[in-house]
Amino acid sequence: MTSTLIAPPVPVRAARPAAHAPAGRFGLARWGGFAAAAVLAAVTSGVPLPGLAVTAGGLLAMAGVAAAWLALGAVAATVPVRRLVAVAALWASPLLISRPLFSGDVWSYLAQGLIVARGQDPYTLGPAQALGADSAVTRHVSPYWMDTPAPYGPGWEALSGLVGRLTGEHLAAGVLLYRLVAVAGVLMIAWALPRLARRAGVPASRAVWLGLLNPLVLWHLVTGVHNDALMLGLLLAGVELVLAGAGLGAPAAAARVVAGFGLITLAANVKVVAAGAGCVLAVHLARRHRRPALTLLLAAGGGAALTVAICLGTGLGFGWIEALGSSSGVHSWLAPTNQVGFLIGGAGSLAGADLTAGAIHAARTAGAVAGAAGAGWVLWRVYRGRTDPLRGIGLLFAVMVVCGPVLHPWYVLWAILPLAASARSVREVRRLAGVSVVLAVALPPAGHGVAALAGGYALAALVVAAAVPAYRLLSARPAPLLAPLPA
């Protein structure tokens with residue numbers, strides 16, 4: 001029984017956050033992410049540390065950035081876009097002066113640029129053959145790509161040639177210029193994402209958080225210096241111009257649409273996959289006009305004409321078409337088609353048969369067929385008006401990523417960025433965030449051998465496993481002093 005001398009206790013309600021709570025969480029996430037990014041840059045800077053410490057410290061710093069990003073997502077909808085862009089700049093600032101992490105592709109860019117600068121053909125010669133094994137740049141190129149011609153478009157190779165002429169074999173200067181190019185791409189992403197989100201009826205702040213602030217952008221576009229940054233920046237800016245022009249009257253509409261398709265064509269001349277966005281937008285415009293076939297013909301013809309002009313104007317010709325598949329010679333372990341081949345090959349090895357190469361080839365062929373069918377399905381839905389063009393671009397790239405023969409974590413950004421600006425449901429946002437976090441810690445920041453890699457992941461997992469219960473204990477709400485007495 002409850003004593004009549006004591007007033008009945010007031011029911012304990014779930015605590016509502018104070019007015020300043022979101023601001024407090026925002027500040028904690030902002031500075032926590034910056035500190036973790038700074039630690040990542042510090043432990044991978046080349047300071048004399050054991051490989052195990054570098055791997056574990058880098059992974060823990062990466063987990064810290066990912067945790068801060070998720071925490072920021074809880075309040076992102078209440079934060080203006082400009083403040084989120086400022087957070088992105090803050091988190092990126094330590095990584096702008098870090099060593100290239102997560103991949104050595106920038107060294108291949110440097111080598112290909114030198115090949116172009118010396119008047120050689122990057123589409124027939126690999127770094128070792130063109131520059132020689134004694135070149136400082138060649139020595140930094142991964143053994144996988146020593147003899148591999150460039151798989152990129154003539155626009156990118158022309159830009160690489162300019163970097164090669166400006167920096168020669170000065171490695172630090174070359175990396176700096178490529179990082180500036182990557183930053184230019186990220187700035188275009190920052191310009192386009194909120195505009196595309198508003199056009200799609202999606203909260204702009206949420207799109208900027210999910211897209212621009214995504215750890216994969218920090219890892220692979222900023223510090224990884226991948227040319228995907230320039231490709232995605234040109235692509236998203238072009239998509240915004242095309243969609244903006246589609247809602248205007250002529251001639252302003254025509255000017256914006258032409259400019260938008262021009263940017264997308266430039267993106268495809270960095271990486272040819274960007275042409276997929278042009279296909280989706282062409283189908284979207286064809287649906288809106290009385291002569292759909294003429295619209296498709298004009299879009300395809302304009303893109304082809306600009307590409308021919310780039311090929312001839314740069315003097316690089318059309319060798320890039322034959323060299324497109326050169327990167328698929330290395331079996332990417334993340335690609336689902338390759339995983340199927342590895343599983344079949346592993347099963348065959350138990351029976352004494354070597355089936356891996358044949359199984360991977362068969363799985364890749366099946367993936368190509370499935371990818372073509374999936375791409376056709378996406379384009380048909382866009383043409384019928386069942387899928388908006390921005391979401392269609394994200395889905396088309398998702399099909400390419402899943403069914404393609406090569407998959408790296410930064411490839412997922414092809415799909416995540418358009419989908420971040422078109423995702424309307426909380427469930428879809430959570431799925432995109434979950435995929436991003438998993439892939440954000442799937443690749444270590446630097447390689448130090450198998451033992452250091454395994455030990456670093458194990459040590460980082462132990463630290464996280466110990467930290468989570470401690471965090472829950474420290475953050476647990478204390479029991480009220482006047483708790484209700486038992487009846």
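Only heavy atoms go into these numbers, but all of them, side chains included; no hydrogens, no water, no symmetry mates. Here, residue 1 is the first one in the sequence, and each next residue gets the next number.
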Could you walk me through whether Arg198 and Val81 pass the side chain to side chain contact (heavy atoms under 4.5 Å, CB included) check? CA-CA 12 Å; Arg198 294 187 189 103; Val81 167; 4.0 Å; yes
Looking at every non-hydrogen atom in both residues, tell me the closest pair between [X] and [Y] and how far apart they are.
X: Arg424; Y: Val202; value: CG-CG2, 3.9 Å
X: Ala421; Y: Ala200; value: O-CB, 3.4 Å
X: Phe397; Y: Ala277; value: CZ-N, 4.1 Å
X: Pro444; Y: Ala442; value: CD-O, 4.1 Å
X: Ala299; Y: Ala282; value: CB-CB, 3.8 Å
X: Ala68; Y: Gly32; value: CB-C, 4.2 Å

Evaluate Leu96 against Val222 for side chain to side chain contact (heavy atoms under 4.5 Å, CB included), listing each step before the verdict. CA-CA 7 Å; Leu96 287 173; Val222 176; 3.7 Å; yes
Using the six-membered ring wherever Trp is involved, compare the ring planes of Trp31 and Phe34 and label them parallel, tilted or perpendicular (cut-offs 30° and 60°).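 Because their plane-to-plane angle is over 60°, the rings of Trp31 and Phe34 count as perpendicular.
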Should the pair Trp414 and Tyr411 be assigned to parallel (<30°), tilted (30 to 60°) or perpendicular (>60°) ring geometry?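 Aromatic pair Trp414/Tyr411 classed parallel.
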Of all pairs that satisfy side chain to side chain donor-acceptor pair (under 3.5 Å), the ones with a partner from residues 258-286, not counting sequence neighbours: Asp228-Lys271, Asn269-Thr307
Pairs in or reaching into residues 273-282: which pass side chain to side chain donor-acceptor pair (under 3.5 Å), with residues at least two apart or in two chains?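 Of all non-adjacent pairs touching residues 273-282, none passes side chain to side chain donor-acceptor pair (under 3.5 Å).
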Answer whether the closest heavy-atom distance between the side chains of [X] and [Y] falls below 4.5 Å.
X: Ile321; Y: Val272; result: no
X: Leu281; Y: Leu243; result: yes
X: Leu212; Y: Leu84; result: no
X: Leu193; Y: Leu210; result: no
X: Met400; Y: Val273; result: yes
X: Tyr109; Y: Leu159; result: no
X: Leu263; Y: Leu241; result: yes
X: Val65; Y: Trp219; result: yes

Give, for atom [atom1] of [X] and atom [atom2] of [Y], the distance between the pair rounded to the nearest 0.5 Å.
X: Thr44; Y: Phe102; atom1: OG1; atom2: CZ; value: 8.0 Å
X: Thr167; Y: Leu114; atom1: OG1; atom2: CG; value: 6.5 Å
X: Ile393; Y: Leu417; atom1: CD1; atom2: CG; value: 11.5 Å

Hey, is the main chain of Trp69 close enough, under 3.5 Å, to the side chain of Trp209 for a donor-acceptor pair? yes
How about Tyr152 and Asn227: does a side-chain donor come under 3.5 Å of a side-chain acceptor?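 No, Asn227 and Tyr152 have no side-chain donor paired with an acceptor closer than 3.5 Å.
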Residue pair Arg391 / Ser422, side-chain donor-acceptor N/O under 3.5 Å: no
Please enumerate all residues that pass side-chain hydrogen bond (donor to acceptor under 3.5 Å, both in side chains) together with Ser160, with sequence neighbours excluded.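 Scan of Ser160 (side-chain hydrogen bond (donor to acceptor under 3.5 Å, both in side chains), adjacent residues dropped) gives Trp156, Tyr178.
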Can you establish whether the number of heavy atoms outside Arg430 located under 6.0 Å from its atom CZ is more than 12? no
